[in-house]
Amino acid sequence: MHHIHRAGLLASVLASLLPTHAAFAVGSEDQVGTLTRVEGQVRLLSDPSTSVQGAGPHARFEGQYYTVVNAHVGDRFKNGNVITTSMAARARLVYDNGDLYTVGPATEFKIKWTEASAAASSPSVDIRYGTLRGVVSKGGPRTHLTIRTKTATMGVRGTEFFVADQGATHQTSLAVLRGAVQMKSDGAAKPVEVKSGQTASFHPAVETPAAAAASQAPPKIEVATTTKEELGTIRSLTTVKAAIADAVVADDKKAETVAKAEALEHKAVETALADLKTHAPELAAQVEKSAPADPGELEDSTVDHLIEKAPPAPPERKPFGLQLDDSSDVYKKYFK
């Protein structure tokens, strides 16, 4: 009886909460995401102001003060909000159309968009440090998504990707798992197209003032085939083990919150499968047979599929150069 009740509730939530693709119209609300899984300490920074407002705690970030709360499943992530994860934390953020971000440990980023025009909302993600994996549907609300780090800008037009920013050195790495992403480094005239199965890395030059003045050409983005080791790193950093049913929320809201989170992840599975059918139809047919309920299963299948053909890393190449200890130092600097 309990199972039938939950199934009916999930179906009701799907029908009422999630719009169909045919009826889809881009607006500000379509840019608001929901946390469906939270593992470890994840903080949500909201209500930015030029001065401290209301009860704390607060964090000062980019000249503004934010209210800081511990994030939970069901929390809505709105314009200008910031998410931070601790060294052992991970999170999954899903949008109503099924787009999703999987947030790695020791990560901080801001989501924002322009409110002036619903038809051109210009969504963006500013990554201060850490890792972010995303599935963005082509033609959806984030079809013109821009991702920025301290040293690079990426244009996503519908694909699955992984971005790592080294907090200490601000090295930016981009791995494209499906589709293609345009990446442009600071100082470069044109972007570089990074295709499925490729990783691009940008290492900002560390030079003396004299050497910088003598140099005419900015550092270049290096593009290479993604290695088995890098794919393994992506998988380990973006696997969220926390179960939705174990979410810490108010008891009187738990059934509704859990059902909404499950509905959103169901939509995320549909979105990812549709994307797979476009870019990897054979893999999509194979995955669809198992009827996955967790988008993480599709993420794992994508990585496993790429690992089969990926080369091993040469001795001098490290996966993304990502050192979480260094990111932790940056974390402490901004959020004390």
Straight-line distance of [X] [atom1] to [Y] [atom2], nearest 0.5 Å:
X	Y	atom1	atom2	result
Leu44	Thr67	CG	OG1	9.5 Å
Leu132	Leu174	CG	CG	11.0 Å
Asn81	Phe109	CG	CZ	10.0 Å
Gln171	Thr149	CD	OG1	10.0 Å
Ser196	Leu306	OG	CG	5.5 Å
Leu35	Ile244	CG	CD1	11.5 Å

Could you tell me whether the side chain of [X] and the main chain of [Y] form a donor-acceptor pair under 3.5 Å?
X	Y	result
Asn79	Trp113	yes
Glu229	Ala313	yes
Thr151	His170	yes
Glu230	Thr199	no
Arg157	Leu145	yes
Glu265	Glu262	no
Thr226	Gln198	yes
Thr107	Pro105	yes

Side chains of residues 49-56: which donor-acceptor partners sit under 3.5 Å, not counting sequence neighbours?
from	atom 1	to	atom 2	distance (Å)
Ser49	OG	Ser51	N	3.3
Ser49	OG	Ser51	O	3.1
Ser51	OG	Gln53	NE2	2.8

Verify same cluster id: Val240, Leu177 (apolar side-chain graph, 4.5 Å)
no
When hydrophobic residues are tied together by side-chain contacts of less than 4.5 Å, even through go-betweens, does Val163 share a cluster with Tyr101?
yes
Pair [X] + [Y]: basic N to acidic O under 4.0 Å:
X	Y	result
Lys150	Asp165	no
Glu39	Arg92	no
Lys110	Asp126	no

Residue pair [X] / [Y]: nearest heavy atoms and the distance that separates them:
X	Y	value
Thr85	Gly104	OG1-O, 2.7 Å
Gly155	Val181	O-CG1, 3.4 Å
Thr169	Pro204	O-CG, 3.8 Å
Thr131	Ala164	CG2-CB, 3.9 Å
Ala89	Val42	CB-CG2, 4.1 Å
Val94	Leu264	CG1-O, 3.5 Å

Taking it one step at a time, do Ser173 and Ser201 satisfy side chain to side chain donor-acceptor pair (under 3.5 Å)?
CA-CA 4 Å; Ser173 295; Ser201 295; 3.1 Å; yes
Report the C-alpha distance between Arg128 and Glu62 in whole Å, list the side-chain angles of each, state the deciding distance to 0.1 Å, and finish with yes or no for salt bridge (Lys or Arg N to Asp or Glu O under 4.0 Å).
CA-CA 11 Å; Arg128 177 69 64 169; Glu62 293 182 340; 2.8 Å; yes
Considering only distance and modelled atom types, tabulate donor-acceptor pairs under 3.5 Å from the side chains of residues 279-286, sequence neighbours left out.
from	atom 1	to	atom 2	distance (Å)
His279	ND1	Asp275	O	3.2
His279	ND1	Asp275	OD1	3.3

Honestly, is Arg133 close enough over Phe162, meaning NZ or CZ under 6.0 Å from the six-membered ring centre and within 45° of the axis?
no
Cationic tip of Arg142 above Tyr95 ring, under 6.0 Å, 45° of axis:
yes
Does Ser137 form a side chain to side chain donor-acceptor pair (under 3.5 Å) with Asn97? I'd like the steps, not just the answer.
CA-CA 8 Å; Ser137 57; Asn97 75 314; 3.0 Å; yes
Which is it for Asp96 and Arg76 under the salt bridge (Lys or Arg N to Asp or Glu O under 4.0 Å) test, yes or no, and what are the steps along the way?
CA-CA 11 Å; Asp96 289 354; Arg76 297 280 276 170; 3.7 Å; yes
Return each pair, listed once, that meets salt bridge (Lys or Arg N to Asp or Glu O under 4.0 Å) where at least one residue sits in residues 236-251; pairs must be two or more places apart or across chains.
none
Are there more than 12 heavy atoms of other residues, nucleotides or ligands under 6.0 Å from atom NZ of Lys254?
yes
